[in-house]
Amino acid sequence: MALEPVISAIKSVSQKIQLLQIHAHIIRTNLIQYPPVSIQFLSRIALSGPLQDANYSHRFFEQLTHPLIFHYNTMIRACSTSDSPRKGLLLYRDMRRRGIAADPLSASFAVKSCIRLLYLLGGIQVHCNIFKDGHQWDTLLLTAVMDLYSQCQSGGDACKVFDEMPQRDTVAWNVMISCCVRNNRTRDALSLFDVMQGSSDKCEPDDVSCLLLLQACAHLNALEFGERIHGYIIERGYGDAPNLSNALISMYSRCGCLEKAYEIFKRTGNKSVVSWSAMISGLAMNGYGREAIEAFEEMLRIGIQPDDQTFTGVLSACSHSGMVDEGMSVFDRMNTEFGITPNVHHYGCMVDLLGRVGLLDKAYQLIMSMVVKPDSKIWRTLLGACRIHGHVTLGEQVIGHLIELKAQEAGDYVLLLNIYSSAGHWEKVAEVRKLMKDKAIRTTPGCSTIELKGVVHEFVVDDISHSKNRLIYEKLDEINHQLRIAGYVVELSSELHKMNDKEKGYVLSHHSEKLAVAFGVLATPPGTTLRVASNIRICVDCHNFLKLFSGVYNRDVFLRDHNRFHHFRGGHCSCNDYW
């Protein structure tokens, strides 16, 4: 029986009615049971294209009396990219139960389905089957498994798979870098840049590697390393890539180098809405609220339509600069003028803006009127405002909402402790402490990093692990002495543990941010800008310390903490003392 005319017709068909006619023909002639015909037909209706139809493909698949691995692979692949990835896993299980041996493609599509579902247990089962089927040497397949573990917050397992891979290509290295960034191991991500080039794999970072590493640099405030990646991008000829230009704008902005960010922005040809949004966000986080709004208006003037990211940047600019009327106006224009429904990030900016100026009740009302469900970050933003303004009752309400979301963290209770202690409600402080003890809630240890000469140095409170430990503490004592002469007084309320004032002062004086700054002063010439990153929200005392330090020592300090970006300069801070 001639199959070629039928296969040719399946390949060339362009209308659904024609496809249905061919389907009827192959059923009537029993050609449906011939793999070359059925595989070609299934591919046309299951995979991407104008004739793709998920329900139709499933019905067709069920008509096959003896489906082969190729049929299963087509279906599992289609499900892994559809809205029904779970069906792909069910097909993978059915295939194995029928005794059909899976090949690397089957497993890779099953893993992708697990990634779509963030289904770690299912991924582990597929990983076990990979070993059973003898496919543990397939680099592409193991790279997909790494990605699964990474996205399911199982970084240790991803590293283990990476270490056991017989041969690693650039894609595998990129997944490993992405895993480090996603699992808050950004220092390790940067170290992989050198390791991959010196490894036996002889892999060179590509444009994706550079994109991921720039994100890590932005997170760590690692300007020197970011400049090194920038140099590599130019050397390799990636400089014209729009996504890398946008990432460079973001990295330089987050590291406080707004002039360099603007240079790249100016040189970027055919600026997209992403480029404009990156520049607007950069201006916003560096305290240039008016300029950010001017950039927004200029973008509109030249005919570029804003997206939701643009409005996040503009509203953030209004928040950072305390421009309430402008923020309310932009928030209203989003929907009425541009047809964009505010998302949780936009509401978060508005809550932050209202919280800054003390309009806490209005911020609470805005949250309660949201068209989308408020997330824990929005409630934490309001909780932070309650701490700044000493609003005890509302702070208690916010904690209640966080408990309802089952999203309360140690930091939330610390903020509540701060609110109670500032108001002198010591019995409430004791109650919260007991609750934290009973629930075994532990606070995250403060950790700060500072980059010098391309090396990221890490500090924790009372750190003695650094090789220059003695010199760092001597320099910190000297700084504390100079700042006290200038009027610095330790903010004892920042230490919430039960101890006397002398003990509180000692603990506060050795916070990780201060150790990082002391090391920066020790290791750099006078006047050098310091860039510090912290994994937690900095306390009131550290904020006061850094503000005064920037004036006394005539040094700019850029600090990115868990909550926001701070630029200390000449005794002032870009956050206008709200953080």
Side-chain angles (χ1 to χ4, degrees), residues 207-208 210-215 217-219 226 229-230 233-234 237-353 370-372 564-565 567 574:
D207 56 334
V208 176
C210 294
L211 188 67
L212 293 167
L213 290 165
L214 286 173
Q215 292 171 3
C217 291
H219 181 80
I229 301 298
H230 189 184
I233 287 170
I234 294 171
Y238 300 144
D240 293 332
N243 59 342
L244 288 178
S245 294
N246 298 334
L248 283 166
I249 293 169
S250 179
M251 185 274 293
Y252 279 123
S253 296
R254 287 173 180 269
C255 291
C257 288
L258 204 55
E259 289 183 3
K260 285 192 175 182
Y262 186 58
E263 283 176 21
I264 293 167
F265 177 73
K266 284 197 299 183
R267 290 202 304 265
T268 302
N270 298 320
K271 299 178 185 65
S272 66
V273 65
V274 179
S275 308
W276 280 95
S277 298
M279 195 65 246
I280 289 168
S281 295
L283 290 163
M285 70 179 64
N286 282 277
Y288 294 94
R290 293 288 176 191
E291 290 80 355
I293 291 177
E294 288 172 8
F296 172 65
E297 296 297 343
E298 173 64 14
M299 184 187 86
L300 297 179
R301 190 187 66 78
I302 63 175
I304 295 179
Q305 285 297 302
D307 61 10
D308 58 339
Q309 285 294 110
T310 313
F311 281 105
T312 299
V314 176
L315 291 173
S316 176
C318 296
S319 173
H320 279 283
S321 301
M323 298 185 294
V324 178
D325 293 338
E326 293 86 343
M328 296 297 289
S329 172
V330 169
F331 188 72
D332 182 60
R333 288 173 67 191
M334 277 183 65
N335 199 0
T336 58
E337 189 174 333
F338 300 99
I340 296 175
T341 302
N343 62 31
V344 70
H345 302 295
H346 303 129
Y347 279 105
C349 290
M350 291 304 297
V351 170
D352 188 49
L353 171 59
M370 284 173 60
V371 294
V372 293
R564 66 176 70 244
F565 178 85
H567 178 193
S574 61

Verdict with reasoning, Glu326 to Val314, per side chain to side chain contact (heavy atoms under 4.5 Å, CB included): CA-CA 10 Å; Glu326 293 86 343; Val314 176; over 6 Å; no
With a 4.5 Å limit on heavy-atom distance, are the side chains of Ser272 and Ser275 in contact? yes
So does Asp240 have more than 12 non-hydrogen atoms from other groups sitting under 6.0 Å from CG? no
Roughly how far apart are Phe265 CZ and Asn246 CG, rounded to 0.5 Å? 9.5 Å
Is there side-chain contact between Met279 and Leu258, with at least one heavy-atom pair below 4.5 Å? yes
When you look at CE of Met328, are more than 12 heavy atoms from neighbouring residues, nucleotides or ligands closer to it than 6.0 Å? no
Got more than 12 heavy atoms from elsewhere within 6.0 Å of CZ, Arg290? no
Measuring from atom CD of Gln215 to atom CD1 of Ile229, what distance do you get when rounded to the nearest 0.5 angstrom? 12.0 Å
Thr310 side chain to Asp307 backbone, donor-acceptor under 3.5 Å: yes
Would you find a donor on one side and an acceptor on the other, under 3.5 Å apart, between the side chain of His346 and the backbone of Asp308? yes
For Asp332 and Ser329, which I'm curious about, is there any donor-acceptor pair between the side chains at under 3.5 Å? no
Tyr288 OH to His567 NE2 distance, which is reported to the nearest 0.5 Å: 7.5 Å
Sidechain-backbone polar pair: Asn335 side chain, Pro342 backbone, donor-acceptor under 3.5 Å: no
Donor-acceptor contact below 3.5 Å, side chain Ser321 vs main chain Met323: no
Can you tell me how far apart CZ (Arg254) and CZ (Phe565) are? Round to the nearest 0.5 Å. 9.5 Å
Is there side-chain contact between Ile264 and Arg267, with at least one heavy-atom pair below 4.5 Å? yes
When rounded to the nearest 0.5 angstrom, what distance separates CH2 in Trp276 from CG in Leu300? 9.5 Å
Might you point out which heavy atoms bring Val372 and Asn343 nearest each other, and give the distance in Å? CG2-C, 4.3 Å
Shortest non-hydrogen separation from Met334 to Leu315 and the atoms involved: SD-CD1, 4.2 Å
If you count the non-hydrogen atoms of other residues, nucleotides and ligands that lie under 6.0 Å from CZ in Phe331, is the total more than 12? yes
From CA spacing to verdict: side chain to side chain contact (heavy atoms under 4.5 Å, CB included), Cys318, Val324: CA-CA 7 Å; Cys318 296; Val324 178; over 6 Å; no
Write down the atom of Ser253, the atom of Asn286, and the distance for their closest heavy-atom approach. O-ND2, 3.0 Å
Side-chain contact test, heavy atoms from C-beta onward, threshold under 4.5 Å: evaluate it for Met299 versus Lys271 and give yes or no. no
When rounded to the nearest 0.5 Å, the distance separating OG of Ser250 from CG of Leu248 is 9.5 Å
Check: Tyr252 and His230 side chains under 4.5 Å, non-hydrogen atoms: yes
Could you tell me if the side chain of Val371 sits less than 4.5 Å from the side chain of Tyr347, heavy atoms only? yes
Exceeds 12 heavy-atom contacts within 6.0 angstrom, atom CD of Glu259: no
Report, as yes or no, whether the 6.0 Å neighbourhood of atom OH on Tyr262 holds more than 12 heavy atoms from other residues, nucleotides or ligands. no
Taking all heavy atoms of Ile280 and all of Ala295, pick out the closest pair and write down the distance. CG1-CB, 3.9 Å
One pair to check against side chain to side chain contact (heavy atoms under 4.5 Å, CB included): Leu214 and Ile233. What are the steps and the verdict? CA-CA 11 Å; Leu214 286 173; Ile233 287 170; 3.9 Å; yes
Can Lys266 and Glu263 be said to form a salt bridge (charged side-chain N to carboxylate O under 4.0 Å, His left out), step by step? CA-CA 5 Å; Lys266 284 197 299 183; Glu263 283 176 21; over 6 Å; no
Nearest atoms (heavy-atom pairs only) where Gly313 meets Ser281: CA-OG, 3.6 Å
Pro306 versus Phe296, closest heavy-atom pair with distance: CB-CE1, 4.0 Å
